Q: 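Quick one: structure below, then a few questions.
The structure presented is a predicted model; accordingly, all values stated were derived computationally and were not measured.
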Amino acid sequence: MPIYEFECKDCSNKFDLMIPNADKDKVKCPQCGAANIKQLISLFNSSSGGNKSSNIQPGCAGCAQQGG
C-alpha cells in the first residue's frame, strides 16, 4: 500500500498516510478534522539491486569526492 503526503488547507498541518489509492478522497486532517486536504508531491526511492558504488550520494556530500 502506498504512502501519500497531504497538507490541510485549513490548519496547514502536513501528514503522511498509508492508504489505498481509492481512499485518497476520504482523507481528513488528523489535527483539525477538516476534509479540505491537498495531496503533496511525494518523492520515492527504488532500489535497482545494483552495485552500491554506483549509488548517487545524497545532497552534495559526494560532489567534492568525484573531482572534475
Side-chain angles (χ1 to χ4, degrees):
M1 198 174 325
I3 298 174
Y4 295 100
E5 293 180 70
F6 298 95
E7 181 177 7
C8 178
K9 292 182 181 179
D10 289 352
C11 72
S12 300
N13 179 40
K14 293 182 181 179
F15 57 97
D16 301 332
L17 288 177
M18 187 184 325
I19 58 171
N21 189 36
D23 291 341
K24 288 192 305 184
D25 60 335
K26 301 174 187 174
V27 172
K28 292 186 179 180
C29 176
Q31 183 168 301
C32 73
N36 193 14
I37 302 297
K38 170 176 72 172
Q39 183 179 347
L40 302 176
I41 302 295
S42 301
L43 300 176
F44 64 93
N45 183 9
S46 64
S47 175
S48 63
N51 185 345
K52 289 185 179 185
S53 65
S54 67
N55 290 346
I56 298 172
Q57 298 290 327
C60 282
C63 294
Q65 296 172 0
Q66 292 178 7

Q: Check side chain to side chain donor-acceptor pair (under 3.5 Å) between N13 and all other residues, then give those that pass, not counting sequence neighbours.
A: none
Q: Show me the side-chain donor-acceptor pairs of residues 28-40 shorter than 3.5 Å, one per line, residues at least two apart or across chains.
A:
| unit_1 | atom_1 | unit_2 | atom_2 | d |
| --- | --- | --- | --- | --- |
| N36 | ND2 | D10 | OD1 | 3.0 |
| Q39 | OE1 | K24 | NZ | 3.1 |

Q: If you look only at pairs with a residue in residues 11-38, which of them pass as a ring-ring contact (aromatic ring centres under 6.0 Å, His included), with sequence neighbours excluded?
A: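 As it turns out, the ring-ring contact (aromatic ring centres under 6.0 Å, His included) pairs with a partner in residues 11-38, which skip direct neighbours, are F6-F15.
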Q: Check whether any side-chain heavy atom of I19 sits under 4.5 Å from a side-chain heavy atom of V27, and report yes or no.
A: yes
Q: Mind checking the CG-CE spacing from N21 to M1? Nearest 0.5 Å is all I need.
A: 11.5 Å
